[in-house]
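So the structure is just underneath, and the comments pick up after that.
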Amino acid sequence: MGDGCGQGRHKENLIGALLAIFGHLVVSIALNLQKYCHIRLAGSKDPRAYFKTKTWWLGLLLLLLGELGVFASYAFAPLSLIVPLSAVSVIASAIIGIIFIKEKWKPKDFVRRYVLSFVGCGLAIVGTYLLVTFAPNSHEKMTGENIARHLVSWPFLLYMLVAIVLFCLLLYFYKEKNANSIVVILLLVALLGSMTVVTVKAVAGMLVLSIQGNLQLDYPIFYVMFVCMVATAIYQATFLSQASQIYDSSLIASVGYILSTTVAITAGSIFYLDFLGEEALHICMFALGCLIAFLGVFLITRNRKKAIPFEPYISMDAMPGMQDMHAKGMTVQPDLKASFSYGALENNDSISEIYTPATLPVMQEEHSSRSTPGVPYRVLEHTKKE
């Protein structure tokens, strides 16, 4: 009986893992399709020209399909298994980016430029294999009674107290003390994300049970979890948007993956008791798989080049003879040695001849009945100062 129950749990873990891998893979393809569309239409006069392309809409449909697969995976497998599998999206993005979107490269530069990416992909794949193999099997049905019992358990209440205090402290330093460190911002994202994945698993599990015939939608806890899921996801996206305005996306991807996965696994193991009754060897191998996946993601994102935004104009400091507008707070002035200059020339005793600029003084007209036609302006010739 125990062996049959264990095999059933292992089968559900496999289904959940496959759904998560499929979902992250499809999401990665979708995002790269949309990225390709944006790159191809860079510099277009219409800022929303990508809405008119079939490629962008195909990417949007694939994105929704992938997110649906990831959402469904939480109903079958433990949270501690599903969360680290987001490394699949990083692996797929690296491979797709190298093959389809990356700029042209020379054969001699290939190893130097992409060796870390390939090593990172290999480590991430090994880590993912260890995660799936040694994942916890303590997965229970997401009924309303089970979720309500876990919600008021003292380990989770203690975790919530610590998480709320830590979140308030980080938010205070971020807002009041201007602590814009990437660790501070992404820790805020990770704390919100831990509650997001906890509620996502509860909502997904109750929906799947309802579809199977065991109605769970009449429990108030379902709607509480649904509201918490939406609220934490929105605020999580807000902090991520603020982080993307300060730091590079590759750095956010690596640090965010490490912090979010660590905090989410901690929250899942406390709320859903994922590792209860697991052998110490399995727990150690699972932790090793997480560390290897962390290292792989870090190597993949570390070697990713920063995106250069498209600028359909020539900046002032790119023009010959122009000083940088932001350097030492100085105003833009022409260089004396430049072939083209305008404005006032700088004083320099080494220059023997300085020409005064042409002036166009205005000659006032005399308003009379007998006004004779004349030129109201006259141009002074260049005079040379000895």
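We're numbering straight along the sequence, starting at 1. Everything numeric in this text was worked out from a predicted model, so none of it was measured.
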Requested in this report: Answer yes or no: is there a side-chain heavy-atom contact under 4.5 Å between T261 and I265?
Outcome: yes
Query raised in the report: L207 and L217: side-chain contact (heavy atoms from CB on, under 4.5 Å), yes or no, with the steps?
Result: CA-CA 8 Å; L207 284 176; L217 302 183; 3.9 Å; yes
Query raised in the report: Side-chain heavy atoms under 4.5 angstrom apart, residues restricted to Ile, Leu, Val, Met, Phe, Trp, Tyr: same cluster for F173 and Y235?
Result: no
Query raised in the report: If we only count heavy atoms from C-beta on, is the I147 to F222 side-chain gap below 4.5 Å?
Result: no
Query raised in the report: Going through the checks in order, is the side-chain contact (heavy atoms from CB on, under 4.5 Å) test met by T53 and W56?
Result: CA-CA 6 Å; T53 61; W56 191 88; 3.4 Å; yes
Query raised in the report: Shared ILVMFWY cluster between L68 and V83, side chains joined below 4.5 angstrom?
Result: no
Query raised in the report: Should V255 and L251 count as side-chain neighbours, where that means a heavy-atom distance under 4.5 Å?
Result: yes
Query raised in the report: What about M160 and V227, same hydrophobic cluster or not, with Ile/Leu/Val/Met/Phe/Trp/Tyr joined at side-chain heavy-atom distances under 4.5 Å?
Result: no
Query raised in the report: Do S28 and S89 have side-chain atoms, one donor and one acceptor, less than 3.5 Å apart?
Result: no
Query raised in the report: Minimum heavy-atom separation for F286 to S80, with atom names?
Result: CZ-O, 3.0 Å
Query raised in the report: With a 4.5 Å limit on heavy-atom distance, are the side chains of L299 and L123 in contact?
Result: yes
Report summary line: CZ (F226) and CE (M206) are apart, to the nearest 0.5 Å, by 12.5 Å
Report task. For residues 214-228, pull every pair meeting side-chain hydrogen bond (donor to acceptor under 3.5 Å, both in side chains), keeping only residues two or more places apart or in separate chains. Result -> E145-Y219, N214-Q216
**Report entry** Steps toward side-chain contact (heavy atoms from CB on, under 4.5 Å) verdict (S241, Q245)
**Finding:** CA-CA 7 Å; S241 176; Q245 297 175 7; 4.0 Å; yes
Report task. Work out which heavy atom in L85 is nearest to a heavy atom in A20; give both atom names and the distance. Result -> CD1-CB, 3.9 Å
Query raised in the report: Given side chains that start at C-beta, do those of I164 and L191 come closer than 4.5 Å, heavy atoms only?
Result: no
Report task. Any chance you could measure L171, atom CG, to F239, atom CZ, to the nearest 0.5 Å? Result -> 5.0 Å
Report summary line: Rounded to the nearest 0.5 Å, the CG atom of L151 sits from the SG atom of C228 at a distance of 8.5 Å
Query raised in the report: Which heavy atom of V197 sits nearest a heavy atom of A264, and at what distance?
Result: CG2-CB, 3.9 Å
Query raised in the report: Do we get K177 above Y172's six-membered ring, with its NZ or CZ under 6.0 Å from the centre and within 45° of the axis?
Result: no
Report summary line: Nearest heavy-atom approach of V297 to A87 is CG2-CB, 3.9 Å
Query raised in the report: Is there a donor in the side chain of Y247 and an acceptor in the side chain of Q242, or the other way round, less than 3.5 Å apart?
Result: no
Query raised in the report: Could you state the interatomic distance from CG (L81) to CZ (F76), rounded to the nearest 0.5 Å?
Result: 13.5 Å
Query raised in the report: Between F298 and Y257, does the ring centroid distance fall short of 6.0 Å?
Result: no
Query raised in the report: Does any non-hydrogen side-chain atom of T133 lie less than 4.5 Å from one of M285?
Result: no
Report task. Take Y159 and S194, measure what side chain to side chain donor-acceptor pair (under 3.5 Å) needs, and give me the verdict at the end. Result -> CA-CA 11 Å; Y159 168 81; S194 65; 3.1 Å; yes
**Report entry** Parallel, tilted or perpendicular: rings of F271 and H150 (30°, 60°)
**Finding:** tilted
Report summary line: Heavy-atom nearest pair, L62 first then L33, reads CD1-CD1, 3.8 Å
Query raised in the report: Does a side-chain heavy-atom distance below 4.5 Å link L295 with I292?
Result: no
Requested in this report: Mind checking the OG1-CD1 spacing from T262 to I258? Nearest 0.5 Å is all I need.
Outcome: 7.5 Å
Query - N13 (side chain) donor-acceptor with P136 (main chain) under 3.5 angstrom - result: yes
Report task. Just do the side-chain contact (heavy atoms from CB on, under 4.5 Å) check on L281 and F134 with the steps written out, would you? Result -> CA-CA 9 Å; L281 178 61; F134 296 98; 5.6 Å; no
Query - N146 side chain vs K141 backbone, donor-acceptor pair below 3.5 Å - result: yes
Query - Flag side-chain contact, heavy atom, 4.5 Å: L131 against C290 - result: yes
Query raised in the report: Should L158 and M195 be regarded as members of a common hydrophobic cluster, given that ILVMFWY residues are connected when their side-chain heavy atoms come within less than 4.5 Å of each other, either directly or indirectly?
Result: no
Let me check something: any side-chain donor-acceptor pairs from residues 183-190 under 3.5 Å, sequence neighbours excluded? List them with distances.
none

Query raised in the report: Can you tell me how far OH of Y74 sits from NZ of K201, rounded to the nearest 0.5 angstrom?
Result: 9.5 Å
Query raised in the report: Is there a path of hydrophobic side-chain contacts, each under 4.5 Å between heavy atoms of I, L, V, M, F, W or Y residues, that connects V230 with F167?
Result: yes
Report task. Check H24 against V70 and note the closest heavy-atom contact, atom names and distance. Result -> N-CG2, 3.8 Å
